[in-house]
Every structure is written in C-alpha cells, then in structure tokens.
Amino acid sequence: MLLGSHLDSVPNGGRYDGALGVVAALHVLLAVQASGLQLPLALEAIDFTDEEGTLVGLLGSESLTGKLTLESLRSPRGGREALLAGLERAGLNETELVLARRDPASLVAFLELHIEQGPLLERAAVQIGLVTGIVGARSFSLLFRGLAGHAGTTPMDARRDAGLAAAVFTVAANELVVRDFPGCVATVGDIRLEPGAFNVIPGSARVAIECRSLDLAPLDALESALLREAHAAAAMHALGVEATPVGRWEPTPLDADLRALVGRAASGLGLETMELSSGAGHDAQALAAVVPSGMIFVPSDGGVSHDPREHTSWAGCVNGANTLLRAALELSGSYAD
Ligand SMILES: [Zn+2]
C-alpha cells in the first residue's frame, strides 16, 4: 500500500502543501516499525516529484502509473530546458522516467493526506475531510490579435485594441460562471500585452484562462461557453482570436470503499468528518487510474494556500497523520486472512 504526496512547491508557496502527506506517511511507517507489528502487506511511503507543474505537472505520479509519455515531455509547460536541467540535477534522463512505471498488481491502494487548501473544513469546524473526487480542469492560452498603434494619435473609434478585448473577456468569463455555472470556477490567471508600453495600443494580448468542475457535463459546457465569450470579445473590437489548449484533466472520482474506511478510522479517533471535493489537482488523481485511491484533508487556516501564510495547526497535522495510520492498519487488517 502506498502512502504519500509531494515535496515540490510553487513559487512563493507554503510549507504544508504536499509536505504534510509525505512526512505523515513516513511517520506511519516509523510508528508501525516501532510497534513491532507484522502487517500482511507492505506499507510504502512515497514522495512524488513535480506535482505542482513547475516542470510538467504530476510528473512523479504519472511516471509511476505509466501515463507519462516521451511525447508529453517534448514541450512541457515549464519549458523543455528547465525540464532537462531538472532531470540532470537529479541524475536522470527522460527514458528513465518512462521506465518508472509500476505494475498496478503490486499495489492495493494509495492514500494521500493533504491540507484542504480551502476554507470548508474550518468553516464547518470539522477535523477530517473525506475527499469524494478531484475536479477536472481545462486550460487555454488565448491570443487576441489587434493592431498596435500610436496611443496619442489614433482616435478612440479607429482602434483595434487587443488589451481591451482581453479585459472584456476577463469580466465576461467571471460573470458567465457566476451566473450560469454554479459549482464551477474559471480564472484568468495571466494577461500579457504586446508590445507593452504606455504610449502604444496593444497589438496582441495573450490570456491564460482555466476552468474547473467536479462534473464532466458542466465542465464541457463551460469550456465551450468560455470559447464563445472569447470570440465575442474579439468580434466586438474587430480582432482575431486563437485558442490553444494547454492542459486537460478529467474529473477524477476517488474510491468510495476507501473513503468509508478512512471515515471509520477518523470516527474511531473521535474526529468529526465531512465529505468534500478537491478543487485542486493532486497526485491521487493520477494514481486513481490504476489503483483504488483516497485522500484525507485537514483544515487550512483561513483556507490560505500557495502562499507563505499557509498554515495547519499542529493538532490538525496530528489528526491527519493518526487517521492515515489507522486507515492503513485497518486496510492491512482486511488482508489478514
Ligand atoms: Zn499539493
């Protein structure tokens, strides 16, 4: 049985995202070893690399499950040079990553303890979150093409301002989700204007848009609606727009039996539980494709994450680790005979 998470982080990230699950997994193994218990199956602690996508995203977990292809390493989102440099630092090469595939028959389950990274557990004053699934996500790079020109001499009615279209799209995308897609989210995370100067009308605007949902049908519908909004924003200002898909992750339900088992483990420790979905991606979504996988959430103070203020109380960390231990022991027990 695999227990673990990831140790990589995002730029200017916090100390708990990923790391808690790896440290807790290690302590589960140490506790079992110290107790002298002989379990009918092997517990393994694992740290997956590059979960966050500084290089590729889910690089370690998709290597293990065999989903990683050499093709996907050709133009990784962090750039090919950064990937090759990172591999070299680790003493690896691309071919070896593909060889990291593990035979699913050698795994009975994967359990990942993680901070919630949102406010729901704290709001409900509940100690343990039983994760039902991980949202799917779609991301696109939109390129609005207008016409650069002199910011002083070009009349307002003679402009093809790519920056304006990007702004119109950003507002429209937000209104669309709030109005028509409850339970979904969409975010414009980056806008780059070219040439980018006080006195030049933007000739092009590159917009990073992503949307997420736990359910496939609304996710597909939202994706189409966002692309329609992009074309409408472009048409409004007589521009062209191209959409390049950047990432695509389908919603991933997690294992219901494992979730029930984790719930029993937490209740046995006297902890309150609630079910919730994960709005963030996790290694468990890669593992779920080949082995029953589950996630345990503990509260994040103020719901803050991907920020140095990220914090989970010591009691929260201990509750999570104890739940992980108890769930691992109970699952091992079911293999006893
Ligand atoms: Zn994480």
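Just so you know, ligand 1 is whichever comes first in the structure, and atom 1 is the first atom listed for that ligand. What you are looking at is a predicted structure, and each value in this text was computed from that prediction instead of being measured.
- Salt bridge present: Arg138 and Asp220 bring a charged side-chain N and a carboxylate O closer than 4.0 Å.
- Using a cut-off of 2.8 Å, one finds that Asp283 contributes no N/O/S atom close to the Zn ion (ligand 1).
- Rounded to 10 degrees, the OD1-metal-NE2 angle spanning Asp17 and His6 at the Zn ion (ligand 1) equals 100°.
- Defined by atom type and a distance below 3.5 Å, a donor-acceptor pair is missing between the side-chain atoms of His6 and Asp50.
- Among the atoms of His282, none of the N, O or S atoms falls under 2.8 Å from the Zn ion (ligand 1).
- Counting non-hydrogen atoms of other residues, nucleotides and ligands closer than 6.0 Å to CZ of Arg102 gives a total above 12.
- Atom CD of Glu272 has 12 or fewer heavy atoms from other residues, nucleotides or ligands within 6.0 Å.
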